[in-house]
J.: 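Here it is, the structure, as structure tokens.
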Amino acid sequence: MKTQPTGRPISTGNCAFCKAEIAKNKMMQHLKSCKQRLATIATHEEKSQVTKTRLFHILAEGQYNPQYWLHFEVVASEPLWSLDDFLKDMWIDDLDHLSGFTINGTDYSADYPDEFFPLNDVEYPKEVEEVEISEEEKEKKTRELIDEIISTFTAESASYLGIPLNPAPLSAEWIVEIKKPHSVNELVTFLKEEQARLTKETKIVRRDNQDISPEVERSRYFSLYYQKLIVEALLEAIEDRSMGVSLESVLKIGQKFSYVYDYGSSTYIKLRVIAEREGIVPNKKKSVQLLARNNAYEFPCTICGKPATTVAMGYFTNSIADSVFCTQCANKHIKESGMLPITNSPRAGVL
Ligand SMILES: [Zn+2]
Ligand SMILES: [Zn+2]
């Protein structure tokens, strides 16, 4: 096996089109220029009558064991569920555990109620949930919700929240801005931008406080604080955090995100959207297409250096390479802890 200057073996994989064996760090470049792949794409485009679809090219890898990786293309309008299914198909044998994605600071998980406005204190009549809510209806409810949340965080609630009183924590301009007519998606985008701005400005107030009086500093700080409370409460209430959200509504090119399978003995996966294109999906039932995958890794036994066959159960946040043994050494040295066969997955070693 080839090794890097650090002594760690180089991870290689096969291109799904030409079957060539390519080093992990060269695979993206290869996929861009692979003749076989380009020919396949050209053939699909010639034959097909259907219109092109937006596709994301995503790289997934084990967070602690990046020698396990997948390049794939997925239809951008698909929900996160499709990605969840694909990662489980490729890497996870046991399917008893919960999973979820974290994208841009927001968690999207399987156990989140997949409905509009899951805020407990906002009650809608049962029949409203069952029928399709119109866009206008949604906007009206969103405005009502904004009013409700803003009124919760007025100056009067300062003592209740344990915050020093600030007579005018919210500027009229800001309230107008937040209440401008938005669709739910636009409002979510706006709120996320506001969240980023408020975090940044809070840091600036803390840092550049030499030139202003303590009263002004306090007043600025608490204005930002109130705005942040409102932004977060609104996001919590209106943002769909189920895996029913479409990839294109939460991802863009360059976006890094993560996936966790099992919140107990967790397997952590890092993902990144590395390219996108308009293309033909050859099989409509298959929304994800594998482009390349790492080859099964050959680890040396940590005791004798012979090819390892088994892995000690229970590593989660370090390299699998430190817990692998050949059959002989495993029989001789490892008595108590359970052993599992080494699988080609970042979940290897976890029962
Ligand atoms: Zn190729
Ligand atoms: Zn050994």
Side-chain angles (χ1 to χ4, degrees), residues 1-3 7-48 52 55-61 65-75 86 90 253 271-283 286-315 318-344 348-350:
M1 197 186 309
K2 285 181 196 163
T3 56
R8 280 178 47 194
I10 290 169
S11 173
T12 63
N14 285 102
C15 166
F17 300 89
C18 70
K19 314 292 177 214
E21 186 176 359
I22 313 281
K24 183 187 177 189
N25 59 357
K26 301 274 194 306
M27 187 55 95
M28 178 59 200
Q29 202 48 46
H30 171 80
L31 286 168
K32 265 196 221 163
S33 56
C34 171
K35 289 200 176 82
Q36 203 82 37
R37 181 180 180 219
L38 296 177
T40 311
I41 291 172
T43 314
H44 288 148
E45 289 182 1
E46 268 165 38
K47 279 192 198 159
S48 175
K52 289 183 180 177
L55 303 168
F56 283 141
H57 178 160
I58 294 176
L59 169 64
E61 58 188 330
N65 286 281
Q67 67 271 40
Y68 300 109
W69 48 269
L70 305 166
H71 279 268
F72 56 91
E73 253 182 353
V74 56
V75 175
F86 173 73
M90 300 305 293
I253 193 161
L271 300 110
R272 186 158 54 97
V273 183
I274 52 179
E276 73 164 86
R277 68 181 180 98
E278 296 284 321
I280 304 293
V281 183
N283 178 353
K286 256 183 98 186
S287 56
V288 187
Q289 194 192 9
L290 184 69
L291 305 178
R293 177 182 193 169
N294 73 282
N295 290 326
Y297 220 54
E298 292 166 36
F299 294 98
C301 169
T302 47
I303 294 174
C304 71
K306 282 185 204 153
T309 53
T310 58
V311 51
M313 265 169 60
Y315 84 92
N318 49 27
S319 171
I320 182 179
D322 305 327
S323 311
V324 292
F325 305 91
C326 72
T327 315
Q328 264 184 331
C329 291
N331 289 339
K332 227 191 288 174
H333 300 281
I334 317 296
K335 297 266 151 44
E336 300 98 61
S337 71
M339 302 296 285
L340 290 170
I342 299 174
T343 54
N344 188 14
V350 184

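Read the numbers this way: they start at 1 and go in the same order the structure lists the ligands and their atoms.
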J.: Does any part of the side chain of I274, heavy atoms only, come nearer than 4.5 Å to the side chain of M28, both counted from C-beta?
T.: yes

J.: The Zn ion (ligand 2) as vertex, arms to SG of C329 and SG of C304: angle to 10°?
T.: 110°

J.: Once rounded to 10°, what is the value of the angle centred on the Zn ion (ligand 1) between C18 SG and H30 NE2?
T.: 100°

J.: Give me the atom names and distance for the closest heavy-atom approach of Y297 to S11.
T.: CE1-CA, 4.0 Å

J.: How wide is the angle at the Zn ion (ligand 1) spanned by C34 SG and C15 SG, rounded to 10 degrees?
T.: 110°

J.: Do you see a donor-acceptor pair shorter than 3.5 Å between the side chains of Q328 and K306?
T.: yes

J.: Distance-only check: which donor-acceptor pairs under 3.5 Å involve side-chain atoms of residues 275-282, not counting sequence neighbours?
T.:
from	atom 1	to	atom 2	distance (Å)
E276	OE1	R54	NH2	3.0
E276	OE2	R54	NE	2.9
R277	NE	E73	OE2	2.7
R277	NH2	E73	OE1	3.0

J.: Working to 10°, measure the angle at the Zn ion (ligand 2) formed by atom SG of C301 and atom SG of C326.
T.: 120°

